[in-house]
Structures are given as structure tokens and as C-alpha cells.
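Because the structure is a prediction, the values reported are computed rather than measured. Positions are given from 1, in the same order as the sequence printed here.
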Amino acid sequence: MILLDFHNKIVEDTILEKYNNPEAIEAVISDFDSVTFRLSTDATNKNIMTVSISIKCFAQLRAYGVDDVLKKVYGANLVAAEANYDASVRFDLAQPPPDRQAFAHSVALLKRHCFSAPLIKAFNDIDAKKPGPLMEIRYRDEEAIYVKPEADRCTIVFSILFRDKDDVAFAKVFLQEYADARRSLQNVPAVQYSQKEPPLELKDVRNLRVGENNGFVTFVLFQPHMAAAKREKTIDCILTFRNYLHYHLKCSKAHIHARMRNSVRSFLQVLNRARSESESTVKKTMGGKTFKRADDPQTTSEELVGGV
């Protein structure tokens, strides 16, 4: 299994490049989940660089404390958002931090930090023994993440739309491995997958999409997963789960197609080896003339009379 990066690699590489070679730039980068980054330098000072992000559900994230999370992570580098964007980080390329790599990586994690706000709030509520209501993050047009903090656990439900009917079957097999993992591994989250039927945690959710191609993946996180030592890793894995799932579904289909092509190629080789070679019936006389046998079905009457 391959884990996808939690940060935007293009954003990180661009920032590191501009530290070494400051020059004007204006680039728009698309990411998963309809997220857009904008990297630009100041019109009057090319050393001042701004990284902005646009997120479809930022208004919902703001209700769950995303502003506090970004202030804690970026401090004075967090500035007022640019027009048509939701958050902006600004820094001076001429005054690089002691660890450029770590800072560029942190800025490239801007999307991750934004989406982590509901999970951080849920974990803090559980630590304070104050479980809150169900939180909805409608980050895609037809999909959402639901976070429900409870007394001793946190339930996270992914509503996933499978546009290809084949993906429904692949997902069922793939996610069954998650459920079976609890039999051989200890201290792993509980995982449930349901098709068409939403879990009970979503019974009061309005306008919930339910259909043949809609699936619901439920993770139940317990105290060990929310401990300070593992909290950040847990958030990383949860936030990349949807893309991780679709990535491996596509890889599985590509692997099956490759095996099918190899099988067809093998069958063609067997058929080619089994094909009988037609024996040549062309003969030569002592004088050098050629003729064909009379019993050859391809021999014409002219060839029988006058030879070839």
C-alpha cells in the first residue's frame, strides 16, 4: 500500500526554489477536493511571497476554529486573506528562516491544517469530557465528512460517491480488509462500511445523499488514537483517506487490466503455435519447370495444362 503525501509537493518545491532564486511569480495550483492554491509575489517587491488557499467549505471550518489553528501554526505570517481566497500566508524570501525545508513544508500543509480544525476540536472536547454535536464538513459537491465526539471515542463517517459501478464492488472488497485487520492487529480503529444504508450517527442529517453508488465508511477512534503522541498522525491519515481509497481502487483496476492483457497475449501465442503450416506442393522438373500436384485444391486448370 502507498500512502499519499499529506502536503502539496508543488507548493513546497516552488517555495524552496524561490528562496534560492527570488523572482516574480503568479501561479494557481489545483489540489484534491476542489482546493486551489495561489502563489504570488508582491508587485513592488519580488521578495515578498504570498500563498493563499481557497476551500469550498471554509465557512464550516471557520465555525470549528480554523482561524485559531492557523494562527497557532503560522503566527505572524498569517495575514488577511486575498480577494477570492480564504486564508493567506506571507513571508519574506530575503529573510529565510533557519530551516527553509521545514518552513516550506509547513506552508505546503496549509490545506491539511485547515481541514484539521474539526478533528482538533472534537479531540479537545473529548479530553475535556464535553462531547459536542455532530460536525459536518461538506468538502465536495456530493460528499461530506461527519465528526461526532462522544464520551470516550470519536466517530468519523465518510460519505463517498462512487461514480463507476465497478468501484462499488472494488471498495467493498478493499474495505473488508480494514474490518478484518482488527482480528490480527491490536489497538486499531474500528472500521465499518455500508452501502446505501447510512450509519445511525447520520439519522438526523438533512439532505443526506443515499443511493446505489453512495457508500459510508465509519471510523471509530479510541483514546490511544487521540493521545498527544499519535494525534497528528491520526489526523493526517483520516484527512487523506478518501483520496487514498480512490487511488488504490484505480491501481487495482489497472492491475487487473494488465493481467487480462497478459492473459490474452499468452492465449494468442498458444493459438499461433497450434496453427498448422500449409505444405508447399510446388515441384520442379529436371528441366527446371515448376508444376503443382493435381490434388492441390489451389491448383488451377491452366497450371495443370501448362505448368506454372
Side-chain angles (χ1 to χ4, degrees), residues 1-14 16 27-37 56 105 108-109 111-112 115 139-145 156-186 188-199 209-219 233-278:
M1 295 293 181
I2 297 177
L3 291 177
L4 302 180
D5 288 334
F6 307 124
H7 66 290
N8 188 295
K9 182 65 174 175
I10 300 177
V11 173
E12 180 183 31
D13 290 345
T14 303
L16 292 174
V28 176
I29 303 169
S30 296
D31 204 336
F32 293 114
D33 308 322
S34 302
V35 172
T36 304
F37 287 92
K56 178 181 178 63
H105 187 76
L109 285 169
K111 173 193 170 185
R112 181 267 184 200
F115 278 98
Y139 66 113
R140 300 176 71 91
D141 291 336
E142 300 173 319
E143 300 181 32
I145 303 174
I156 301 171
V157 182
F158 284 83
S159 169
I160 303 177
L161 174 65
F162 299 103
R163 300 187 182 279
D164 190 341
K165 292 183 178 180
D166 293 338
D167 289 347
V168 177
F170 278 96
K172 185 176 181 179
V173 176
F174 187 84
L175 293 171
Q176 186 61 40
E177 295 293 329
Y178 278 72
D180 295 342
R182 298 200 72 193
R183 302 175 184 175
S184 57
L185 300 176
Q186 297 181 349
V188 298
V191 182
Q192 297 178 349
Y193 175 67
S194 60
Q195 191 69 31
K196 296 186 293 184
E197 293 294 332
R209 290 184 61 91
V210 179
E212 293 290 338
N213 293 342
N214 291 93
F216 299 91
V217 183
T218 303
F219 289 91
K233 183 66 174 179
T234 299
I235 293 175
D236 289 339
C237 293
I238 288 294
L239 293 180
T240 56
F241 169 74
R242 192 262 180 195
N243 299 325
Y244 166 87
L245 173 62
H246 278 275
Y247 172 79
H248 282 89
L249 290 181
K250 290 177 173 59
C251 288
S252 298
K253 293 169 71 174
H255 177 66
I256 291 177
H257 291 164
R259 293 187 61 180
M260 291 173 62
R261 287 192 293 269
N262 290 335
S263 297
V264 171
R265 192 176 298 112
S266 298
F267 293 152
L268 290 176
Q269 290 176 352
V270 172
L271 291 174
N272 290 334
R273 287 196 298 266
R275 182 181 300 171
S276 60
E277 297 291 340
S278 59

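- Residues I256 and R259 are not in side-chain contact: their nearest non-hydrogen atoms beyond the backbone lie 4.5 Å or more apart.
- Once rounded to the nearest 0.5 Å, the distance linking CG of L249 with OH of Y244 reads 10.0 Å.
- A side-chain contact (heavy atoms from CB on, under 4.5 Å) with V157 is found for exactly one of I145, T218, V217, namely T218.
- Looking at D236 and R112, their side chains come closer than 4.5 Å, going by heavy atoms from C-beta outward.
- Among all heavy-atom pairs drawn from A171 and Y193, the shortest one is CB-OH, 4.2 Å.
- Around NZ of K172, the count of heavy atoms belonging to other residues, nucleotides or ligands within 6.0 Å does not exceed 12.
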Go through R242 and E143 one step at a time and tell me if the side chain to side chain contact (heavy atoms under 4.5 Å, CB included) criterion holds.
CA-CA 10 Å; R242 192 262 180 195; E143 300 181 32; 2.9 Å; yes

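- The side-chain heavy atoms of K233 and F6, taken from C-beta on, include a pair separated by under 4.5 Å.
- Of all the heavy atoms in G211 and Q195, the pair that sits closest is O-NE2, 4.4 Å.
- Side-chain contact between L161 and R140 is absent, with no heavy-atom pair separated by less than 4.5 Å.
- L245 is listed as a side-chain neighbour of F162, based on a closest heavy-atom distance under 4.5 Å.
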Under the criterion side chain to side chain contact (heavy atoms under 4.5 Å, CB included), I'd like the reasoning laid out for K56 against D141: C-alpha separation, chi angles, the key distance, then a yes or no.
CA-CA 9 Å; K56 178 181 178 63; D141 291 336; 2.9 Å; yes

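- We find the NE2-CG distance between H105 and L16 to be 11.0 Å, quoted to the nearest 0.5 Å.
- In this structure the side chain of V168 never reaches within 4.5 angstrom of the side chain of E212, judged on heavy atoms.
- Under the 3.5 Å distance criterion, with hydrogens and angles disregarded, a donor-acceptor pair is assigned to the side chains of N262 and R265.
- Between E197 and F216, the shortest heavy-atom distance links the atoms O-CD1, 3.9 Å.
- Judged purely by atom type and a 3.5 angstrom limit, Q192 has no side-chain atom pairing as donor or acceptor with the backbone of F219.
- Checked against N8 for a side-chain contact (heavy atoms from CB on, under 4.5 Å), the options L109, V35, D31, T14 give a single hit: D31.
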Apply side chain to side chain contact (heavy atoms under 4.5 Å, CB included) to the pair E142 and R163, showing each step before the final yes or no.
CA-CA 11 Å; E142 300 173 319; R163 300 187 182 279; 3.1 Å; yes

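- Between atom OG1 of residue T234 and atom CG of residue L239 there is a gap of 10.5 Å, rounded to the nearest 0.5 Å.
- Residue F32 qualifies as open at atom CZ: its count of foreign heavy atoms under 6.0 Å is 12 or below.
- For the atom pair CD1 (I10) and CZ (F37), the distance works out to 10.0 Å, reported to the nearest 0.5 Å.
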Check against side chain to side chain contact (heavy atoms under 4.5 Å, CB included), F158 and I238
CA-CA 10 Å; F158 284 83; I238 288 294; 4.0 Å; yes

